[in-house]
Number of protein chains: 2
Amino acid sequence: MASDEGTGSDGGARRRFSRPARLVDLAEHSGYSIKTISRVLNNEPYVSERTRAEVMKSVHELGYVADHRARSLRTTGSRSGYVGLIVPDMRNGFFADLANAVEKRVSAAGQTLLLGISDESTAKEAKYLDVFRQNRIEMLMAVPAGSDALTRFSEQVPTVVLDRMQPGLEDAVDFVTANNRESARALTSHLIRAHGLERVLMVAGEKEISSVRERQAGYYEAMREAGLQPAVTDQHLTLPDAEAGALEMMRSLAAPFGVFSTGSRMYWAAMSAAARLGTVVPRDVAAATFDGSGSLGVAGPLPTQAQLPVATMVARAFQLVTERALEPDRAPRTVTVECDIEYGMTCGCMDPSSAGPLVIRTGR
Amino acid sequence: MASDEGTGSDGGARRRFSRPARLVDLAEHSGYSIKTISRVLNNEPYVSERTRAEVMKSVHELGYVADHRARSLRTTGSRSGYVGLIVPDMRNGFFADLANAVEKRVSAAGQTLLLGISDESTAKEAKYLDVFRQNRIEMLMAVPAGSDALTRFSEQVPTVVLDRMQPGLEDAVDFVTANNRESARALTSHLIRAHGLERVLMVAGEKEISSVRERQAGYYEAMREAGLQPAVTDQHLTLPDAEAGALEMMRSLAAPFGVFSTGSRMYWAAMSAAARLGTVVPRDVAAATFDGSGSLGVAGPLPTQAQLPVATMVARAFQLVTERALEPDRAPRTVTVECDIEYGMTCGCMDPSSAGPLVIRTGR
DNA sequence: TTGAAAGCGCTAACAC
DNA sequence: GTGTTAGCGCTTTCAA
């Protein structure tokens, strides 16, 4: 298990996490009044250089750091400096990317990020909305789990919703989503038209989440347009589950055929099934997929994929929510950003023998 | 680009983000005094049921939510309820995992998570330390970027450092690291002893970070023990760079040989190079690697790998930092947790024909 | 140029 | 049971 080893060379009572110094302490230490010190700290005018220097000396000696709570409580408008972010799961590469991008914006704006992870639970989401309101966050960015507490919340705090739509909220908050349906339709159509496939299978997961549901809708649309019969295996939550579903469907299809998958997990499931059947990509199976975080290509042939433009989405979201903070009464907007579609090796557009990565051959 | 579409059906001034209600507002609304209301809100005794009910009615009608800043400022010990977390980069799966696990602990403890991302920059790290101190976080968990401001910080706030050691800090803060060196040695030794390889190559990235450096040290140790000559390509920051390096080294080695890689990126680089040379895994090239976040297996043959036990590390870290908050003067401890070593298909221990995933065959 | 007092929104200590 | 007062650490009046 885990092994402890005390590394301290000096034992005994060394510190006590002394209570942070306050303005009064600085006043006592420097001999100036509280207000003068406050002036120095806030770079206000009408302080002599000598005073300023002496006060700063005390500041350093006592290691003074202002208490943000007290300051923000009193300061005009009582702005907290907090921005809240709620994502469903940080292990999902897309949400991690999102959090990363959000942090950059937030810190660049001199704000501090409060992070909540909802685990796709409406209860946890509602809990965080409550906590965030207690903390008087100035704005919220959220990939919603579906709690209806969000409606009330958005009436009190500038809110922008990312990645997913939420029914009944379109007229209440700003949204930034990707054109999931159109991109899915484009990918599927590409398999059909550009590669002349008459059979295109879809491997899909849950359909409770709007963005994923839209991708499924896009697939159906493309198939309908082409007058083709949809072939779908869906509702898969785990990878092995999806793989089994894909395998079963693929057996019934004669090569060549296409596969559209709604996300990276579904993509790996599809590829795994294809491999198990001994098919060759893209000759026998042409694949196209959605990818949340763009980490797909490193581990296999460069996929033909639609990627969500995280940076763009976050930038737009910030713009929207900032504008809403300034103009609370403007009509809510829904911004749809376009996915980056990359035509890679798995559909046959890019030559597999070209610079692309990785076909691990295994065997004895 | 992006298309805006105003979706609001009702234009015009609908809301104004009204200033949140305060206790005074509740007092006015309900006719009770501020203190009585405070009592109700804090579930204190000596309040009649009737009063309680009436106050709660006002609370709901006004949508009252207590201001955490004011409350925490006044409340005993002025505890903030904040826990700070600093990670270098959320796009790295291991750190995302870590953040996920930390959030669970923090929220379970009823605390709120302040997130900082350092981008491996000591300046950004120092900035966050400052911000966190202003916000009076109760404890800090950090994967350090190397700022020496951390030393002073750890004297003021209970701090635990995760994943990496930092020179000069061992006697100041608690650490939770993995046995990187030993696991690297074990993996390398395994390739040498169990699979009878006389040549084992290492593909490695940067060596500024202690955990990664330790892995390299483990490799050298195993090679020395076996009386073998190290063969190393390192200092690679990008994947293509690492791949080129691996390719060059592999050309000069006669199969069969082993490859030890220090992380998932280096692993893919090695696999890519192996594929490019037309070798078969594990017959010609036996591979073993470190993996931060356990997402390696889904995309290829199950690798022989050492995985960092994120949940364990976070649990231990929480324990350490909590204990330190209670007993500030105890000697700092360094806890080393063991990596989970999985013997998979890439070294030959597990049969490639068994249930393992994915060999994407590409071709026309 | 500086300082004393009031008050941000809340809870703690003591009245009634 | 309920209300009044003080004060958390800070900024903002206003006076000196």
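Numbers restart at 1 for each chain; the letters A, B, ... are given by sequence-line order, proteins then strands.
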Taking any atom under 4.0 angstrom from a heavy atom of chain A, which nucleotides of DNA chain D are the first and last to qualify, 5' to 3'? D:dG9 to D:dT12
Tell me what A:Ser72 touches on the nucleic acid: a base, only sugar-phosphate, or nothing, going by heavy atoms under 4.0 Å. nothing
Indicate, with a heavy-atom threshold strictly under 4.0 Å, whether A:Arg50 touches base, sugar-phosphate, or nothing. nothing
Looking at residues at least two apart in the chain, or sitting in another chain, which of them share a salt bridge (charged side-chain N to carboxylate O under 4.0 Å, His left out) with [X]?
X        : answer
A:Arg105 : none
B:Asp174 : B:Arg324
B:Arg164 : B:Glu120

Taking salt bridge (charged side-chain N to carboxylate O under 4.0 Å, His left out) as the cut-off, I'd like each qualifying pair that reaches into residues 135-146 of chain B, sequence neighbours left out, listed once. A:Asp67-B:Arg136, B:Arg79-B:Glu138
Would you mind listing every salt bridge (charged side-chain N to carboxylate O under 4.0 Å, His left out) that reaches into residues 40-56 of chain A, with sequence neighbours excluded? A:Lys35-A:Glu44, A:Glu49-A:Arg52, A:Arg50-A:Glu54
Hits for side chain to side chain contact (heavy atoms under 4.5 Å, CB included) against B:Asp148, two or more places apart or cross-chain, chain-then-number order -> none
Can you tell me whether the side chain of A:Arg74 and the base of C:dG7 have a donor-acceptor pair closer than 3.5 Å? yes
Take atom [atom1] of [X] and atom [atom2] of [N], then tell me their distance rounded to the nearest Å.
X       : N      : atom1 : atom2 : value
B:Asp25 : C:dC8  : CG    : C1'   : 13 Å
A:Arg69 : C:dT11 : CZ    : P     : 13 Å
B:Leu23 : C:dC8  : CG    : C1'   : 12 Å
B:Glu44 : C:dA13 : CD    : P     : 11 Å

Tell me which pairs pass ring-ring contact (aromatic ring centres under 6.0 Å, His included) where either residue lies in residues 49-72 of chain B, with sequence neighbours left out. B:His68-B:Tyr82
ring-ring contact (aromatic ring centres under 6.0 Å, His included) pairs, two or more places apart, involving residues 135-173 of chain B: none
Net bend of the helix from C:dT1-D:dA16 to C:dC16-D:dG1, end axes of five pairs each, nearest 10 degrees: 40°
Check against side chain to side chain contact (heavy atoms under 4.5 Å, CB included), A:Met313 and A:Leu162: CA-CA 8 Å; A:Met313 291 176 75; A:Leu162 282 150; 4.3 Å; yes
Heavy atoms within less than 4.0 Å of DNA chain D: which residues of residues 26-42 of chain A have one? Give them sorted by number. A:Ile34, A:Lys35, A:Ser38, A:Asn42
Phosphate OP1/OP2 of C:dC8: any B:Arg71 side-chain N/O under 4.0 Å: no
Given that B:Leu73 and B:Val47 both sit by DNA chain D, which one's nearest nucleotide is further toward the 5' end? B:Val47
Between B:Asp119 and A:Lys104, is there a side-chain heavy-atom distance shorter than 4.5 Å? yes
Could you pull out all residues at least two apart from B:Phe95 that satisfy ring pair (Phe, Tyr, Trp, His ring centres under 6.0 Å)? none
